[in-house]
Engineer: 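Below: one structure in structure tokens.
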Amino acid sequence: MTTYVNISDAERIVIETLWAYGPMTADQVAKVLSSKNEWSFATVKTLLGRLLKKQAITAKPEGRRFIYEAKLSRDDYVGTESERLVERFFDGRIAPLVSHFSQAKGLSKKDIKELRELLDKLP
């Protein structure tokens with residue numbers, strides 16, 4: 001399991017922007033996010049600062065500004081969060097997780113087909 005980085009929901013929105021668009025200045029991040037929410041530039045800078053402190057992103061100076069880039073990969077983050085979910089709520093077992101979602105949300109025919117295909121590929 002990758003080293004766990006505790007990222008809040010707001011921080012996740014910022015790092016997802018970096019995952020989607022690549023390295024950006026704080027102004028660029030704020031511009032992308034302004035269309036999705038009402039965060040101020042100061043809020044975006046605060047969230048970038050928190051992600052820097054957690055070492056989830058890097059900041060490289062470029063003139064009078066910084067270029068922010070995700071250090072934590074999306075795959076590592078999703079993998080770690082998925083493992084934590086399964087460990088915390090399902091004693092590390094996948095079957096109860098699938099059972100829970102099938103009962104709570106229902107599985108579409110497409111979901112069932114994809115699960116069968118995954119199971120068929122297992123050794």
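Each residue takes its place number in the sequence, starting with 1.
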Engineer: For F101, I'd like to know if atom CZ has over 12 heavy atoms of other residues, nucleotides or ligands within 6.0 Å.
Structural biologist: no

Engineer: Just by distance, no angles: are the side chains of S40 and T43 close enough, under 3.5 Å, to form a donor-acceptor pair?
Structural biologist: yes

Engineer: If I take atom CG from residue L47 and atom CD1 from residue I7, how far apart are they, to the nearest 0.5 angstrom?
Structural biologist: 11.5 Å

Engineer: Taking the hydrophobic residues Ile, Leu, Val, Met, Phe, Trp and Tyr, and joining any pair whose side-chain heavy atoms are under 4.5 Å apart, which ones share a cluster with L119?
Structural biologist: L122

Engineer: Is it possible for you to say whether L115 and F90 belong to one hydrophobic cluster, with membership spreading through side-chain heavy-atom contacts below 4.5 Å?
Structural biologist: yes

Engineer: Assess whether a salt bridge exists between K113 and E117, defined as any Lys/Arg side-chain N lying under 4.0 Å from an Asp/Glu carboxylate O.
Structural biologist: yes

Engineer: Could you report the tightest heavy-atom contact between A56 and V5, atom names first, then the distance?
Structural biologist: CB-CG1, 4.3 Å

Engineer: Please report the closest heavy-atom contact between I57 and L48, naming both atoms and the distance.
Structural biologist: CD1-O, 3.4 Å

Engineer: Grab the two heavy atoms, one from Y68 and one from T25, that are nearest each other, plus how far apart they are.
Structural biologist: CD1-C, 4.2 Å

Engineer: Test of understanding: clusters of I, L, V, M, F, W, Y form through side-chain heavy atoms closer than 4.5 Å, transitively. Do L107 and I94 belong to the same one?
Structural biologist: yes

Engineer: How many angstroms lie between OG in S99 and CG in L97, if you round to the nearest 0.5 Å?
Structural biologist: 9.0 Å

Engineer: Would you say CG of D120 has more than 12 non-hydrogen atoms from neighbouring residues, nucleotides or ligands within 6.0 angstrom?
Structural biologist: yes

Engineer: What is the distance from atom OH of Y21 to atom CD of Q28, rounded to the nearest 0.5 Å?
Structural biologist: 11.5 Å

Engineer: Got a sec, which residues hit salt bridge (charged side-chain N to carboxylate O under 4.0 Å, His left out) with E69, two or more places apart in sequence or on another chain?
Structural biologist: K60

Engineer: By salt bridge (charged side-chain N to carboxylate O under 4.0 Å, His left out), which residues pair with K54, not counting sequence neighbours?
Structural biologist: E11

Engineer: Kindly work out whether a path of hydrophobic side-chain contacts (I/L/V/M/F/W/Y, heavy atoms less than 4.5 Å apart) joins L52 to I67.
Structural biologist: no

Engineer: Checking N37 side chain against W39 main chain: does a donor-acceptor pair fall under 3.5 Å?
Structural biologist: yes

Engineer: Starting from V98, can I reach V86 by hopping between I/L/V/M/F/W/Y residues whose side chains sit under 4.5 Å apart?
Structural biologist: yes

Engineer: Output the distance between atom OG1 (T80) and atom CG (D75), rounded to the nearest 0.5 Å.
Structural biologist: 10.5 Å

Engineer: Mind checking what makes salt bridge (charged side-chain N to carboxylate O under 4.0 Å, His left out) contact with E81, not counting sequence neighbours?
Structural biologist: none

Engineer: Got a sec, which residues hit salt bridge (charged side-chain N to carboxylate O under 4.0 Å, His left out) with R65, two or more places apart in sequence or on another chain?
Structural biologist: E62

Engineer: Does anything in residues 15-43 pair up under salt bridge (charged side-chain N to carboxylate O under 4.0 Å, His left out), and if so which pairs, sequence neighbours excluded?
Structural biologist: R12-E16

Engineer: Let me confirm one number: the NZ-CG distance from K109 to D111, rounded to the nearest 0.5 Å.
Structural biologist: 12.5 Å

Engineer: Once you round to the nearest 0.5 Å, how far does OG1 of T46 lie from CG of L51?
Structural biologist: 11.0 Å

Engineer: Heavy atoms only: give me the nearest G92-E87 pair and the separation to one decimal.
Structural biologist: CA-OE2, 3.4 Å

Engineer: Considering all heavy atoms of both residues, which atom of M24 and which atom of T17 are nearest to each other, and what is their separation?
Structural biologist: SD-CG2, 3.9 Å

Engineer: Which atom names give the shortest non-hydrogen contact between A26 and V44, and what distance separates them?
Structural biologist: O-CG1, 4.1 Å

